[in-house]
Each structure stands twice: as structure tokens, then as C-alpha cells.
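Scope of the values below: all heavy atoms of this structure, side chains included, with no hydrogens, waters or symmetry mates. Residues: numbered from 1 along the sequence shown. Keep in mind the model is a prediction, meaning the values are calculated, not measured.
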Amino acid sequence: MKDILFMIGSESDRAAVEPGMNLIAEKNMTADLVVMSAHRNLPEIMEFLKNNEDNYKIIITAAGLSAALPGVVAALSKKPVIGIPLVAGSLNGIDALLSILQLPKGVPVATMGIGKQGVLNAVHLSERIIKNFA
């Protein structure tokens, strides 16, 4: 079992989450990075989580604009989900932050700050959760 499943909504998000992937390696944790859009790949996300979520302890998601990915993953998974709003669009990530923060009851997502700091804090929080509860 790996520690973290890191999901991003598009290939263009890879550079934004690379510091987090590096930190995961520095902390001797294991992770996979998967690119799937909640808008373009919903059936694939459903199938992937159905077949693979038990291979991970926690799921980190990162997305910009509407930030649908964290909510979709939290709705489909029984694992803890951390959402990171990325800097995108004319609101520079504020729209993504609000989208994640305002998910409906029963769709819990721990929400980090926007951008690089949020990416790094998601890894730090994951490490604490894994070391203390998993």
C-alpha cells in the first residue's frame, strides 16, 4: 500500500504540485500522481477509485477554477481527501478555494491554502494523518 494518491485535473497542473511530490520523496513516503479531470474523465475517475483506492492511505487533489476534482473524489471515496486550490483564471485561485470550502454536507474535504504553500501543507498534513491514524 502506498501512502498518497495525488490527483490533478490536468497535465498543466503538474508543475504546481511538483514541490509536493518532491517533499513526499524527502519524507520517505510513497505516492502516485494521476491526471484525471472531473469534467472530462468522470467515468475513468469512478473506475480508477473503485479499483485502486484501497491501495492508498490518503488522497490529495489539486485543481483550479471550479475545483470540481476534490469534491468528486470525496463523494466517490471513503479515504480522507485533501483539496488544494491552484492559481488559475482571473481570480488567481480564490474561485477554486471557495469551491472546495463550500462543498455540501457529507462531502468532506480538508482544504489547504492556494498554490505552492497549500501543496506543501497537504503533504505535511498527510504525513501527520498517516503517522498518527493509519
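Leu23 has its side chain within reach of His124: a pair of non-hydrogen atoms, C-beta onward, lies under 4.5 Å apart. In this structure, the side chains of Ile45 and Leu76 come closer than 4.5 Å at one or more pairs of heavy atoms.
The NZ atom of Lys116 sits 10.5 Å away from the CD atom of Glu18 when rounded to the nearest 0.5 Å. Taken from OG1 in Thr30 to CD1 in Ile24, the straight-line distance is 8.5 Å, to the nearest 0.5 Å. A distance of 10.0 Å separates CE in Met7 from OG in Ser37, rounded to the nearest 0.5 Å. In this structure, Met36 CE and Glu44 CD are separated by 7.0 Å, a value rounded to the nearest 0.5 Å. Residue Asn52 holds its CG atom at 9.0 Å from CD of Glu47, rounded to the nearest 0.5 Å.
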Practice prompt. Please step through side-chain contact (heavy atoms from CB on, under 4.5 Å) for the pair Asn41 and Phe48, ending with a clear verdict.
Written response: CA-CA 10 Å; Asn41 307 109; Phe48 181 85; over 6 Å; no
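Listed here is the closest heavy atom pair of Ile60 and Ser126: CD1-OG, 3.4 Å. Across all their heavy atoms, Lys2 and Asp32 have their closest contact at NZ-OD1, 2.6 Å. Contact detail for Leu33 and Arg14: the closest heavy-atom pair is CD2-NH1, 3.2 Å. Across Val17 and Ala62, no two heavy atoms sit closer than the pair CG1-CB, 3.8 Å. Shortest non-hydrogen contact noted between Arg40 and Gly9 is NH2-O, 3.7 Å. For Val72 against Ala38, the heavy-atom pair with the smallest separation is CG2-CB, 3.9 Å.
Note: the hydrophobic cluster containing Ile84 also contains Ile129 (ILVMFWY, side chain heavy atoms under 4.5 Å, direct or indirect links). Transitive grouping of hydrophobic side chains (ILVMFWY, heavy atoms separated by less than 4.5 Å) brings Met29 and Leu125 into a common cluster. The same ILVMFWY cluster, assembled from side-chain heavy atoms under 4.5 Å apart, contains both Met112 and Ile130. Residues Leu49 and Ile58 do not share a hydrophobic cluster, clusters being chains of Ile/Leu/Val/Met/Phe/Trp/Tyr side chains in contact below 4.5 Å. Hydrophobic clustering, with ILVMFWY side chains joined whenever heavy atoms are under 4.5 angstrom apart, groups Leu42 together with Ile59.
Counting only distance, with no hydrogens or angles, the side chain of Lys79 and the backbone of Tyr56 share a donor-acceptor pair below 3.5 Å. Using a distance-only test at 3.5 Å, with no hydrogens or angles considered, a donor-acceptor pair links the side chain of Glu53 to the main chain of Lys78.
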Mind listing the side-chain donor-acceptor pairs of residues 94-110 below 3.5 Å, one per line with the distance, residues two or more places apart or on another chain?
| residue | atom | partner | partner atom | Å |
| --- | --- | --- | --- | --- |
| Ser99 | OG | Ser66 | O | 3.1 |
| Ser99 | OG | Asp95 | O | 2.9 |

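With 3.5 Å as the limit, one finds no donor-acceptor pair spanning the side chains of Asn121 and Gln117.
Ion pair Asp3/Lys131 not flagged as a salt bridge, since none of the NZ, NE, NH1 or NH2 atoms sits closer than 4.0 Å to an Asp/Glu carboxylate oxygen.
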